[in-house]
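Below, read A as the first sequence line, B as the second, and so on, with proteins coming before strands; counting in each chain starts at 1. All of these numbers come straight from a predicted model, not from anything done at the bench.
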Amino acid sequence: MNVTLPDGTVLDLPDGATGADAAAAIGPGLARAALAVKQGGQVRDLGLPLIDGEQLEIVTRKSGRDALDLIRHDAAHVLAAAVLELYPGVKISIGPSIDGGFYYDFEFPDGSGVTEADFPAIEQRMREHIKAAEPFQRDEVGIEEALERFRSEGQDYKLELIEDLVRDQGVQTVSLYRNGAFTDLCRGPHAPATDRIGAIKLQSVAGAYWRGDSSRTMLTRIYGTAFFTARELEEELERLEQARARDHRKLGRELGLFSFSDISPGSAFWLPKGTVLWNELVALSRDMGAERGFTEVKTPLLYDSELWKTSGHWGKYRENMFVTETEERAFGLKPMNCPGHAHMFRSQRWSYRDLPVRYAEPGLLHRNELSGTLHGLLRVRHFVQDDAHIFCAEEQVEQEVRRCLEYAFSTFEIFGFEIELELSTRPEQRIGTDEMWDRAEGALAKVLADDGLDYRVNEGDGAFYGPKIDLHTTDSLGRSWQLGTVQLDYSMPERFDLVYTGADNAEHRPVMIHTARMGSFERFIGILIEHLAGELPVWLAPVQALVLPISDRHAQAARDVAATIRARGLRVEADDRAESIGRRIREGELQKIPYMLVIGDREADEQAVSVRRRHEGDLGMVAVERFVEHLAHETATRRDAPLGR
RNA sequence: GCCGACGUAGCUCAGCUGGUAGAGCACUUCACUCGUAAUGAAGGGGUCCCCGGUUCGAGUCCGGGCGUCGGCUCCA
């Protein structure tokens with residue numbers, strides 16, 4: 001048999017040769033370093049026969065993600081082995097590698113469980129397995145034998161997994177992996193032995209439903225991570241530590257932007273500085289929307305249940321709504337703006353010449369999210385979306401979607417966010433004909449393809465009324481959050497009986513496009529703070545410049561400079577407290593204020609300030625007038641710029 | 001909502017096996033009047049998340065609730 005190596009050389013091997021044979025044929029060093037092989041995009045055990053004629057890559061610890069996935073999956077098995085030894089009667093379920101580590105889900109017998117306090121003992125046991133260099137042995141066994149084995153061990157979850165494999169995939173055999181006395185149902189692949197795992201660390205314990213189904217048993221999930229060396233592990237833990245310093249909840253409090261209170265869970269209190277930031281973002285959204293033909297509207301917060309029945313929310317979304325009642329009429333606080341906008345659209349007659357109609361509304365929404373899901377600003381119950389609804393003719397859909405994406409990308413470009421696109425297609429529960437869905441999905445896919453955009457398809461994850469393109473980004477810990485969205489909606493126009501008069505003088509049904517760029521201002525600000533570690537650009541900084549007199553006799557000059565800057569509509573404060581200049585500078589730095597303007601005798605004499613720029617330090621004396629122009633320029637252009645001499 | 005952990009001054013945290021609370025920072029006052037990341041001294045500040053229970057006595061032990069954090073489920 002022949003396999004081709006990445007450098008193009010062809011390796012001639014006897015029939016039935018394994019990955020280990022291939023590595024040995026290349027060299028003894030590689031034979032020792034080999035962890036697995038990769039053929040046809042799949043990582044496979046070193047001990048399995050190679051696929052004839054396929055490209056062959058030997059996976060070693062240098063192979064990056066493939067190699068880490070391998071030992072993390074190994075580590076998951078070692079974790080399960082350790083837990084089974086320490087907690088007899090535990091039932092094991094599944095344990096994959098994930099971004100950043102691995103987990104394993106267990107069901108502990110009644111009355112027992114683990115907490116993080118138990119981690120040292122479990123880690124100790126894991127290290128013993130690793131040190132013992134237990135080989136991972138793969139056995140291919142018949143269904144009956146596998147069932148018999150796990151039945152005798154009382155491993156019910158494994159039985160269910162095997163039965164499902166038989167039913168859904170019609171498998172005749174399953175693979176078992178054995179290391180030491182531990183055997184697990186597993187597809188593989190695994191490294192040759194447990195000693196390839198260099199360093200492990202258990203990180204947290206959490207609940208997780210069996211098979212992600214909230215109606216089924218809550219299992220105990222143990223998260224951990226593994227690396228080839230202790231040093232890499234330390235670096236990762238250090239990185240996580242630093243990420244926590246960027247947490248928007250911590251920075252929001254430290255910078256005086258917002259606070260939370262038990263008195264209104266899931267709702268932020270926006271302090272004066274946070275409100276400045278908020279208002280600047282709303283202004284950005286307004287300016288960009290106006291440039292793109294959006295007109296701002298304002299609609300009520302509270303509506304009779306009739307509206308929600310028409311829109312379908314009363315049936316499909318009620319558990320997420322705050323509902324109230326007065327004079328025997330049921331009302332609901334709006335969780336979305338679309339029904340109000342549809343209702344508004346209906347209040348007049350429209351010609352095809354009027355389309356597209358683009359209503360924008362930074363509207364306050366309330367959603368009664370489950371208490372356990374609330375998360376700082378990133379998931380709240382009270383929030384404002386930079387929301388808009390476009391009412392257009394069917395043939396305008398593609399162009400409008402393209403414009404929505406352009407709008408979103410232009411927005412994110414200002415902040416330097418990296419965005420991932422997801423196209424969510426028809427769900428099982430849906431309305432509308434298949435032709436309509438074909439057309440809608442086709443239009444979205446065509447825009448993505450025409451513009452050469454990379455995206456992931458989320459099969460069956462669309463809204464019940466139409467497919468959507470979602471824009472995702474990550475927080476400081478790499479967790480993905482949805483910001484913007486572009487959704488095609490054929491349902492709302494139907495339900496609200498929206499029409500316009502076409503060129504043929506007949507009534508036609510418009511299409512609704514539901515779109516947002518930042519998503520909610522709350523979530524956007526949370527993500528923004530984490531991306532920038534709280535170092536807001538000049539145009540967003542609540543305090544753009546802090547004036548610092550050296551001593552009392554410069555206080556009046558400092559107040560004068562502050563007044564001059566404030567008169568230009570810029571945000572400045574003077575700190576003339578009786579503290580040392582070093583102290584006041586330190587506090588200004590901790591507040592992440594972009595500019596500090598120091599005024600002593602020299603500056604006061606010359607109508608100048610010594611400019612200290614965040615990160616850059618002392619830039620020397622600059623005339624007050626010139627500094628003000630520079631600050632005004634950065635603010636107006638919404639872009640930081642170097643201060644020329 | 002579910003699983004687990006946690007909840008002490010504005011913030012970060014001590015408080016051992018139960019004997020009615022403490023530090024640093026912040027705040028107030030006074031002194032210092034200072035040249036680019038912490039001047040010094042004194043002082044004020046607490047329903048120990050809430051409600052029950054055990055106990056002579058609960059911040060500490062037990063039960064229930066609320067909130068927060070990490071996940072699961074769900075979503076901007």
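In terms of phosphate contacts, A/R253 brings a side-chain nitrogen or oxygen within less than 4.0 Å of OP1 or OP2 of B/U12. Within the structure, every side-chain polar atom (N or O) of A/T220 is placed at least 4.0 Å from both OP1 and OP2 of B/C3. Look at A/R216 and you won't find any side-chain N or O under 4.0 angstrom from OP1 or OP2 of B/C2.
No salt bridge links A/R456 with A/E420; every basic N to acidic carboxylate O contact stays at or beyond 4.0 Å.
Between the CZ atom of A/F258 and the P atom of B/G10 there is a distance of 20 Å, given to the nearest Å. Rounded to a whole Å, the CG atom of A/D575 is 13 Å from the C1' atom of B/U36. The separation between A/L619 atom CG and B/G35 atom C1' is 15 Å, rounded to whole Å. Remark: P of B/C66 and CG of A/D262 are 12 Å apart, rounded to the nearest angstrom. In this structure, CG of A/N368 is placed 9 Å from P of B/G1, rounded to the nearest angstrom.
Among B/U12, B/G67, B/U33, the nucleotide with an atom closest to any side-chain atom of A/P265 is B/G67.
Here, B/C61 and B/U12 have their C1' atoms 27 Å apart, quoted to the whole Å. Separating the C1' atom of B/G67 from that of B/U20 is a span of 26 Å, rounded to the nearest Å. Distance noted for atom C1' between B/C27 and B/A76: 39 Å (whole Å).
Nearest approach of A/L79 to A/F102, heavy atoms of both residues: CD2-CE1, 3.8 Å.
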* Which parts of nucleotides 69-76 of chain B does protein reach within less than 4.0 Å, heavy atoms only, written one letter per nucleotide 5' to 3' as B for base, S for sugar-phosphate only and - for none? -> SBBBBBBB

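Taking 3.5 Å as the limit, the base of B/G35 and the side chain of A/E603 contain a donor-acceptor pair of atoms between them.
Judged as a salt bridge (charged side-chain N to carboxylate O under 4.0 Å, His left out), the pairs with a partner in residues 214-224 of chain A (not counting sequence neighbours) are, in order, A/D105-A/R221, A/E160-A/R216.
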Look for any protein N or O under 3.5 Å of an N or O in nucleotides 59-64 of chain B and output each such pair with its distance, or none.
none

Would you list the protein and nucleotides 23-27 of chain B atom pairs, both N or O, that sit under 3.5 Å from each other?
residue, atom, partner, partner atom, Å
B/A26, OP1, A/R583, NH2, 2.6

Less than 3.5 Å apart, which donor and acceptor atoms pair up between the side chains of residues 116-124 of chain A and the rest of the protein, not counting sequence neighbours?
residue, atom, partner, partner atom, Å
A/D118, OD2, A/T115, N, 2.8
A/E123, OE2, A/L202, N, 2.7

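Partners of A/F409 under the ring pair (Phe, Tyr, Trp, His ring centres under 6.0 Å) rule, at least two apart in sequence or in another chain, do not exist in this structure.
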* Asked: Under the side-chain contact (heavy atoms from CB on, under 4.5 Å) criterion, do A/L546 and A/L597 qualify, and how do the steps go?
  -> CA-CA 6 Å; A/L546 182 65; A/L597 310 176; over 6 Å; no

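Between the CD1 atom of A/I593 and the CD1 atom of A/I585 there is a distance of 11.5 Å, given to the nearest 0.5 Å.
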